[in-house]
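To find a chain, count down the sequence lines: A is the first, B the second, and so on, and within it residues start at 1. For the numbers below, each heavy atom of this structure counts, side chains included, while hydrogens, waters and symmetry mates do not. On a predicted model such as this, the values are computed, not experimentally measured, just so you know.
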Number of protein chains: 2
Amino acid sequence: MKLQKGTEPSAALHGKWYDDACGTAFGLEVLGERWSMLVVRELMLGSRRFSDLRASLPGISAKVLTERLEGLERAGVLVRRQLPPPGKVQVYELTEWGLLAEPAIQELGRWAARSPRHDPTLPLSPVSLMLSLRTMVDREKAAAVQMNVGFEIGDDHFLAEIGGGNIEVRRAPTTGAELRFRAPAAPLLAGLIYGKVPADALPWLEIEGGEELRGRFLDIFQLPPKVGS
Amino acid sequence: MKLQKGTEPSAALHGKWYDDACGTAFGLEVLGERWSMLVVRELMLGSRRFSDLRASLPGISAKVLTERLEGLERAGVLVRRQLPPPGKVQVYELTEWGLLAEPAIQELGRWAARSPRHDPTLPLSPVSLMLSLRTMVDREKAAAVQMNVGFEIGDDHFLAEIGGGNIEVRRAPTTGAELRFRAPAAPLLAGLIYGKVPADALPWLEIEGGEELRGRFLDIFQLPPKVGS
DNA sequence: CAGAATCCCATTCGATACTG
DNA sequence: CAGTATCGAATGGGATTCTG
């Protein structure tokens with residue numbers, strides 16, 4: 001550990017990228033480095049291990065992930081926690097403030113999805129898809145719906161509770177859900193929900209629950225309209 | 001102009017930073033490079049020239065600004081326009097889609113402003129301050145207010161129309177405003193509005209309009225509560 | 001598996017100088 | 001004014017290796 005100044009990665013506490021009182025500029029100091037916002041996205045539905053994050057972020061290297069986690073911890077967005085024994089593994093978890101970033105992340109996604117250039121067929125992480133439900137739900141239509149829906153995507157299990165025009169999603173066993181989807185990977189499900197690919201064209205997808213229920217569920221989601229041009 | 005591959009700035013149409021169908025990831029491909037989102041912020045209240053942008057973004061270099069403008073144009077966020085003679089200067093202007101980014105930029109700012117580490121005393125551009133009015137307005141309180149407020153910050157003139165719980169801001173002469181603020185720079189006004197610095201402690205600030213009117217105006221803005229920790 | 005430490009090249013940045 | 005051109009310095013990030 002040398003003591004030269006300037007040795008530290010600016011990722012550290014950058015704080016001096018922009019010299020600007022604007023909240024957006026400060027937000028960018030915290031979440032504006034490459035990958036940072038996507039790391040936060042992956043933590044949005046609960047704590048994750050280093051290797052979980054790596055697996056969900058195709059292309060990120062161990063070095064960069066380490067640096068981003070350090071930066072985000074220093075900024076107060078997440079904390080590193082040692083799970084109690086047995087297990088005793090280390091996980092990363094959003095702070096209260098970190099959790100509050102969801103609307104900002106959502107708005108950016110909603111805006112970007114309106115571009116004709118957005119390619120929804122790329123790979124997609126399970127968390128990404130689950131969060132998108134909250135972004136893309138049509139709250140008017142959802143107001144008339146009340147149901148619990150389970151999702152088993154690979155080894156990740158989520159429960160979505162729809163009611164009162166709102167939708168909550170959390171990691172939980174899918175037992176007790178009236179409708180349950182099981183798929184090996186998220187893009188498959190995305191095809192069903194957003195691509196409106198018929199279920200029988202997706203052989204690797206298992207669905208438990210009535211046809212009518214499924215229809216009512218699928219009906220409340222839609223991508224935002226593409227902008228002109 | 002050599003024809004080597006890889007010579008092009010990845011800023012170009014990067015499109016391959018993240019390989020991720022998530023809308024947020026695509027949003028980051030477009031606005032996630034350093035400075036990009038702040039350039040868009042500066043254009044949010046109308047077209048600006050190259051030198052205007054440089055002046056509003058302390059620290060950006062001509063090179064980087066050129067690169068960002070190219071990237072944003074290619075992505076469809078802004079267009080370059082030749083103003084009709086006389087004048088015949090070149091300006092940059094958001095597209096319909098670019099204009100729609102306001103909520104995303106706002107949400108990031110609103111979130112960041114909740115950090116105890118946010119320093120609101122740094123420099124601030126006029127546009128930044130004007131946009132913050134839309135972000136920080138308390139719509140409940142504003143519902144009872146109906147007025148036009150003018151701002152003259154250096155050479156930038158804005159008119160804010162408050163009514164129906166909403167606030168619109170645009171570049172316009174301040175004639176006809178019931179209340180008018182004039183200041184050499186934005187931070188001064190920010191101190192008055194958000195810092196609740198008393199007006200008589202700000203000698204470089206001119207205010208035209210009744211004391212009571214001014215009080216009702218200032219009352220509808222406040223920074224979001226800081227988060228615990 | 002969860003990182004820390006090294007190595008090293010490609011990219012990016014900012015400053016300065018230059019141009020139509 | 002609106003950029004280009006160039007250059008040295010800083011940074012970024014992939015690959016690899018090492019450790020507990």
**Student:** Can you measure Y18(B) atom OH to dG12(D) atom C1' for me and round it to whole angstrom units?
**Tutor:** 13 Å
**Student:** Can you give each donor-acceptor pair under 3.5 Å made by side-chain atoms of residues 180-189 of chain B, sequence neighbours left out, with the distance rounded to 0.1 Å?
**Tutor:**
from	atom 1	to	atom 2	distance (Å)
R180(B)	NE	T174(B)	OG1	3.1
R180(B)	NH1	E208(B)	OE1	2.9
R180(B)	NH2	T174(B)	O	3.3
R182(B)	NE	E152(B)	OE1	2.9
R182(B)	NH1	E206(B)	OE1	2.8

**Student:** To the nearest 0.5 Å, how far apart are CG in L38(B) and CE in M44(B)?
**Tutor:** 11.0 Å
**Student:** Tell me the interatomic distance from Y92(A), atom OH, to dA2(C), atom C1', rounded to whole angstroms.
**Tutor:** 7 Å
**Student:** Rounded to 10°, tell me the angle between the two end axes of the helix from dC1(C)-dG20(D) to dG20(C)-dC1(D), each built from five pairs.
**Tutor:** 40°
**Student:** Please state how far atom CG in L65(A) lies from atom C1' in dG12(D), giving the value in whole angstrom units.
**Tutor:** 15 Å
**Student:** What's the CZ-C1' distance between R68(A) and dG3(C), to the nearest Å?
**Tutor:** 16 Å
**Student:** Return all side-chain donor-acceptor pairs below 3.5 angstrom for residues 84-93 of chain B, not counting sequence neighbours, or 'none' if the list is empty.
**Tutor:**
from	atom 1	to	atom 2	distance (Å)
E93(B)	OE1	R81(B)	NE	3.0
E93(B)	OE1	R81(B)	NH2	3.0
E93(B)	OE2	R81(B)	NE	3.4

**Student:** Kindly compute the distance separating CZ (R68(A)) from CG (L78(A)), expressed to the nearest 0.5 Å.
**Tutor:** 12.5 Å
**Student:** Would you call R80(A) and E73(A) a salt bridge, using N to O less than 4.0 angstrom?
**Tutor:** yes
**Student:** Atom SG in C22(B), atom CG in L122(A): separation rounded to 0.5 Å?
**Tutor:** 10.5 Å
**Student:** Among residues at least two apart in sequence or on other chains, which ones pass side-chain hydrogen bond (donor to acceptor under 3.5 Å, both in side chains) with S128(A)?
**Tutor:** R41(A)
**Student:** What are the residues of residues 39-56 of chain A, sorted by number, that bring a heavy atom to within less than 4.0 Å of DNA chain D?
**Tutor:** none
**Student:** How long is the line joining CZ of R80(A) and C1' of dA4(C), in whole Å?
**Tutor:** 11 Å
**Student:** What protein N or O atoms touch nucleotides 14-17 of chain D N or O atoms at under 3.5 angstrom, if any, and at what distances?
**Tutor:**
from	atom 1	to	atom 2	distance (Å)
dG14(D)	OP2	S61(A)	OG	3.1
dG14(D)	O6	K63(A)	NZ	3.1

**Student:** Taking the six-membered ring for Trp, are W111(B) and W97(A) ring centroids under 6.0 Å apart?
**Tutor:** yes
**Student:** Check for a donor-acceptor pair, side chain of R134(A) on one end and backbone N or O of I167(A) on the other, with a separation under 3.5 Å.
**Tutor:** yes
**Student:** Is the distance from OP1 or OP2 of dG3(D) to the nearest side-chain N or O of Q90(B) less than 4.0 Å?
**Tutor:** yes
**Student:** Starting at OG1 of T95(A), measure out to CG of L100(A) and round the result to the nearest 0.5 Å.
**Tutor:** 8.0 Å
**Student:** How close or far is atom C1' of dT12(C) from atom CH2 of W17(B), stated in whole angstroms?
**Tutor:** 11 Å
**Student:** Could you tell me the separation between the CD atom of E70(A) and the C1' atom of dG13(D), rounded to a whole number of Å?
**Tutor:** 15 Å
**Student:** Between E33(B) and R34(A), is the closest basic N to carboxylate O distance under 4.0 Å?
**Tutor:** no
